[in-house]
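Here's the structure we're looking at; comments come further down.
Start at 1 and go down the list; that is how both ligands and their atoms are numbered.
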Amino acid sequence: MLKLENLSLQLVDDNGDDKEIIKGVNIEFQKGKVYAITGPNGGGKTSLAKLIMGIYKQNNGKIYLDGNDISNLNVSERADLGIAYAFQQPPRFKGLGIQDILKIASPNIDTVQTRIRLRDVGLCPEEFLERDLGAGLSGGEIKRIEIAQILARDAKISIFDEPEAGVDLWTIRKLIEIIVNEYKGNPEKTAIIITHNQNVLPICDEIIVVDEGIIKGKGNSEEIWPLIKDDIECKMIEQCRGEMIHEIK
Ligand SMILES: Nc1ncnc2c1ncn2[C@@H]1O[C@H](COP(=O)(O)OP(=O)(O)OP(=O)(O)O)[C@@H](O)[C@H]1O
């Protein structure tokens, strides 16, 4: 189990002032469950994920993994303990091949499994296996490879930060199926999905709404819908506008 206890984070804003980003958050993530973290832009979802991964250091509070205090461990120590984070905007690693990055994620992965993981995220292995991560891949392709390497990692706690961003509906549906199969009811694993996607929320055991650095609500998709309706509808309008602008161009 992953437990966040009274977790707080302050960062310095563009004016050089301290800003409270996360304010005394308490959450328990159980094994065998799939969680969604949702809420409006700037609410603190990614900051929470970065606190769990050790990218940000909390100002207050504790993080426990299976009862052990991991609050002062760095990113690689937490990765060794089985925490994995798929970035909202994944970095590009020039000079590394797609096979290489999956091998780093999972040293024992063979070519068959690598192909399966690429297919899982809607990438054709024949086309992508030999490609370089820096060379002309689209944002959506980079995002899919990031997700593939988190799936390959076989972590205890897998955090997917907006997997839907830049990824088509077909792939998101497939990804949902994979996450349900691999995490739901698995006594060793927990999935945490940061999302605004209406297809993802119903499959989650619990949805946590984070806004202004606090937990605004928790529950299943029906219980939480009144709290998130406006945010999801805004996202859909933004997406439609984006598609219309794309068509006009
Ligand atoms: N490194 C940073 N330095 C200063 N402020 C930051 C930093 N990272 C995030 N913030 C601020 O913290 C707040 C929460 O940001 P965060 O990225 O966690 O939100 P979010 O809920 O993930 O948003 P979105 O849905 O847009 O991805 C925002 O006001 C953001 O501007």
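Note: no N/O pair closer than 3.5 Å links L11 and ligand 1 by distance alone. Remark: ligand 1 and G42 share an N or O pair separated by less than 3.5 Å (distance only, no angle test). Checked by distance only, ligand 1 and D13 stay at 3.5 Å or farther apart across all their nitrogen or oxygen atoms.
Ligand 1 has P40 within reach: a non-hydrogen atom of the residue lies less than 4.0 Å from it.
At most 12 heavy atoms of other shown residues, nucleotides or ligands fall within 6.0 angstrom of atom NZ in K33.
The existence of a salt bridge linking E223 and K218 is excluded, since no basic side-chain nitrogen approaches an acidic carboxylate oxygen closer than 4.0 Å.
Note: N59 CG to Q10 CD = 5.0 Å, rounded to the nearest 0.5 Å. Between the NZ atom of K23 and the CG atom of L9 there is a distance of 11.5 Å, given to the nearest 0.5 Å.
Under a 3.5 Å cut-off, the side chain of R78 and the backbone N or O of L73 do form a donor-acceptor pair. Under a 3.5 Å cut-off, the side chain of K3 and the backbone N or O of N26 do not form any donor-acceptor pair.
Close approach of ligand 1 to K19 (heavy-atom distance below 4.0 Å) involves ligand atoms 28 (C), 29 (O). Taking every non-hydrogen atom of S47 and a distance limit under 4.0 Å, the qualifying atoms of ligand 1 come out as 14 (C), 15 (O), 16 (P), 18 (O). The distance from ligand 1 to the heavy atoms of E162 drops below 4.0 Å at these ligand atoms: 25 (O), 27 (O). Which parts of ligand 1 touch G43 is read off a 4.0 Å heavy-atom cut-off, strictly below it: atoms 19 (O), 20 (P), 21 (O). When each atom of ligand 1 is checked for a heavy atom of G44 under 4.0 Å away, the hits are 14 (C), 18 (O), 19 (O), 20 (P), 21 (O). Distances below 4.0 Å separate heavy atoms of V12 from the following atoms of ligand 1: 3 (N), 4 (C).
Ranked by closest heavy atom to atom 26 (O) of ligand 1, the top entry among N41, L51, T38, V210 is N41. When the heavy-atom distances from atom 21 (O) of ligand 1 to K45, E212, K50 are ranked, the shortest goes to K45.
When each of N186, D66, T190 is paired with K156, the side chain to side chain donor-acceptor pair (under 3.5 Å) condition holds for D66 and for no other.
N197 and T195 form no side-chain donor-acceptor contact under 3.5 Å, judged by distance and modelled atom types alone.
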